[in-house]
2 protein chains.
Amino acid sequence: MNRRSFHRAPEGERRQELIEATLDCISEFGLKGATVRQIAIRAGVTAGLVRHYFESKDQMVAEAYRAVIASLTDKASQVEGDPETRLRDFIAINLTEPVADSRSISLWAAFISQVRVDPVLAEIHREGYLAFRNTLQELLADFLAAKGKPADAETCRAFAIAINGLVDGLWVEGCLAGDLFREGELVAIAMSSAEALLGTSIGTAKQ
Amino acid sequence: MNRRSFHRAPEGERRQELIEATLDCISEFGLKGATVRQIAIRAGVTAGLVRHYFESKDQMVAEAYRAVIASLTDKASQVEGDPETRLRDFIAINLTEPVADSRSISLWAAFISQVRVDPVLAEIHREGYLAFRNTLQELLADFLAAKGKPADAETCRAFAIAINGLVDGLWVEGCLAGDLFREGELVAIAMSSAEALLGTSIGTAKQ
DNA sequence: GTCGCTATTATTCAAGCGTATAATAATACG
DNA sequence: CGTATTATTATACGCTTGAATAATAGCGAC
């Protein structure tokens with residue numbers, strides 16, 4: 001009964017591998033199919049190891065959700081340049097790979113479907129959502145101010161809700177049925193829609 | 001060992017009850033928690049009965065998904081009146097209960113997260129999505145024509161994608177964090193946004 | 001080098017899963 | 001009113017699940 005040889009992973013690395021394997025399994029097999037054993041296979045370890053790094057499978061899944069939110073919001077929150085460029089990039093980033101792809105929405109949906117069930121996931125979700133919308137709202141405040149338009153809190157709030165909805169909705173459409181759209185079509189529609197909503201050019205001529 | 005007494009349900013009714021119980025369980029416990037036993041308890045029967053009405057649990061779940069799509073699209077596809085009223089009602093219906101509530105999005109998300117996994121669900125999803133967007137596109141074509149605006153296919157397509165995105169996105173926002181919005185706020189934002197996008201009043205003054 | 005620590009494997013366990021089968025209660029029909 | 005039909009219950013089966021435990025292989029310290 002010889003024991004299989006193995007490799008000791010460096011500090012923290014195995015944790016990350018397990019989280020990534022968890023997400024792979026959820027996107028490929030659904031939450032149901034993401035079993036401890038399946039995740040371990042994907043990570044190239046045995047099932048028992050999960051409990052060496054996490055208190056429970058549920059805790060590992062919760063951390064995996066944090067990773068998903070980060071992957072969906074990090075890039076868009078780090079836009080740089082003048083207000084117009086930042087707004088344009090924010091929209092484009094959210095409607096282009098890797099943020100907009102079928103894996104992303106599978107993961108997002110899997111967790112969203114659990115928000116009512118699991119208070120821990122609900123809290124993680126709410127934080128991420130508010131951060132995302134606040135980022136957009138500040139972006140819009142800067143943009144409107146730069147354009148010499150009214151930028152009071154109430155106006156910014158309404159615009160943030162509308163554009164957040166627009167971007168989210170197009171993101172969902174693109175993720176779920178990307179093949180129904182031409183290359184760059186969703187981004188183009190989002191840009192011209194945002195211009196119509198805000199009543200201002202956002203410099204899409206440059207493209 | 002006395003056997004519990006029971007009631008024989010009329011034609012087709014039990015089927016419907018089982019589907020409804022399936023949806024209840026999915027929204028409350030997630031897809032994972034929607035087990036045959038739990039569903040049976042909710043429906044007030046024993047687990048074995050499921051297989052008397054459905055070939056398998058998976059088939060029952062697929063039919064439950066059809067029911068969800070129907071509940072999300074039926075009302076909006078039956079709008080009546082002049083083009084302007086129909087468009088206005090279409091938007092309002094999708095952003096008001098019962099279409100917009102947390103149970104709806106739990107169910108929607110649970111199934112969306114399975115679309116990549118299960119080809120049967122993927123097919124059901126695609127049909128529903130295309131039907132929904134076509135309804136909206138025809139609505140817009142009528143509306144633009146009535147307003148004397150250009151209503152060629154390409155224009156309608158772009159508007160349909162944009163407004164579908166807007167409505168879907170606001171629907172998601174409202175379902176997930178309804179408490180962050182004032183009564184009627186989402187509908188109001190959707191209406192004014194649609195007007196800005198289309199460059200036309202849609203008669204929200206009446207309100 | 002070898003010793004001690006711990007990351008990893010291997011194995012086991014009880015609980016819960018979807019399904020299959022047989023007994024039986026409720027209804028329809030002559 | 002008796003009998004055939006079938007919707008429903010009750011029970012059992014084999015399998016998978018997340019978790020617990022004990023053995024051990026890898027690796028840094030000395």
Side-chain angles (χ1 to χ4, degrees), chain A residues 1-26 28-65 110 114 117-118 120-121, chain B residues 1-26 28-65 110 114 117-118 120-121:
Chain A
M1 196 180 310
N2 23 0
R3 181 167 282 244
R4 176 177 141 201
S5 89
F6 59 89
H7 153 75
R8 282 184 120 144
E11 170 71 17
E13 195 167 297
R14 187 115 297 166
R15 250 183 103 84
Q16 207 49 47
E17 288 170 5
L18 282 170
I19 288 179
E20 206 50 49
T22 301
L23 296 180
D24 284 346
C25 287
I26 293 175
E28 279 183 39
F29 312 123
L31 262 178
K32 252 188 321 200
T35 68
V36 169
R37 284 166 178 81
Q38 199 54 240
I39 291 166
I41 290 174
R42 175 67 56 123
V45 298
T46 55
L49 195 59
V50 163
R51 291 279 321 245
H52 188 263
Y53 284 95
F54 301 93
E55 259 186 36
S56 70
K57 185 204 171 188
D58 283 352
Q59 193 210 311
M60 180 169 70
V61 169
E63 297 211 16
Y65 185 28
Q114 292 290 314
V117 181
D118 185 339
V120 175
L121 297 186
Chain B
M1 196 177 311
N2 25 358
R3 180 167 284 241
R4 174 178 142 200
S5 89
F6 58 87
H7 154 74
R8 276 166 104 111
E11 170 72 16
E13 194 168 297
R14 188 114 297 167
R15 248 184 105 83
Q16 208 50 47
E17 288 170 5
L18 283 170
I19 287 179
E20 207 51 49
T22 302
L23 296 181
D24 284 346
C25 288
I26 293 176
E28 279 183 39
F29 314 123
L31 263 177
K32 254 190 316 200
T35 69
V36 168
R37 284 166 179 82
Q38 201 50 243
I39 291 167
I41 289 174
R42 175 65 56 121
V45 298
T46 54
L49 196 59
V50 163
R51 292 279 320 238
H52 188 263
Y53 284 95
F54 301 94
E55 259 186 36
S56 69
K57 185 204 172 187
D58 283 351
Q59 194 210 309
M60 181 170 68
V61 170
E63 297 209 17
Y65 185 28
Q114 292 289 315
V117 181
D118 186 337
V120 175
L121 297 186

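Note that the structure is predicted; figures quoted are calculated from it, not measured. By convention in this document, chain letters (A, B, ...) are assigned in the order of the sequence lines, proteins followed by strands, and residues within each chain are numbered from 1.
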Practice task
Could you state the atom-to-atom distance from CG of B/D58 to P of C/dC17 in whole Å?
Solution key: 15 Å

Exercise for the section: Check whether any side-chain N or O of B/R14 sits under 4.0 Å from OP1 or OP2 of D/dA7, and answer yes or no. Expected result: no

Problem - D/dA20 OP1/OP2 closer than 4.0 Å to side-chain N/O of A/R51 - result: yes

Fill in the blank from the handout: In whole angstroms, the gap separating C1' of C/dT11 from CZ of A/R4 amounts to 15 Å

Exercise for the section: To the nearest Å, give me how far apart NZ (A/K32) and P (D/dT17) are. Expected result: 12 Å

Fill in the blank from the handout: A/H52 atom NE2 is separated from C/dT8 atom P, nearest whole Å, by 7 Å

Completion exercise
Rounded to whole Å, the CZ-P distance (A/R15 to C/dT6) equals 17 Å

Practice task
Name the closest nucleotide to the A/R8 side chain, picking from C/dT9, D/dC27, C/dT27.
Solution key: D/dC27

Exercise for the section: With the side chain of B/S5 defined as its heavy atoms from C-beta on, choose the nearest nucleotide among C/dT19, D/dT8, C/dA26. Expected result: C/dA26

Practice task
Using only side-chain N and O atoms of B/T46, determine if any of them is under 4.0 Å from OP1 or OP2 of D/dT8.
Solution key: no

Practice task
To the nearest Å, give me how far apart CG (B/L49) and P (D/dA10) are.
Solution key: 12 Å

Exercise for the section: Starting at atom OH of B/Y53, determine the distance to atom C1' of D/dT8, rounded to an integer number of angstrom. Expected result: 8 Å

Problem - Donor-acceptor pair present, A/R37 side chain and D/dG18 base, under 3.5 Å - result: yes

Handout entry: Integer-rounded Å distance: D/dT6 P and B/F6 CZ
Key = 14 Å

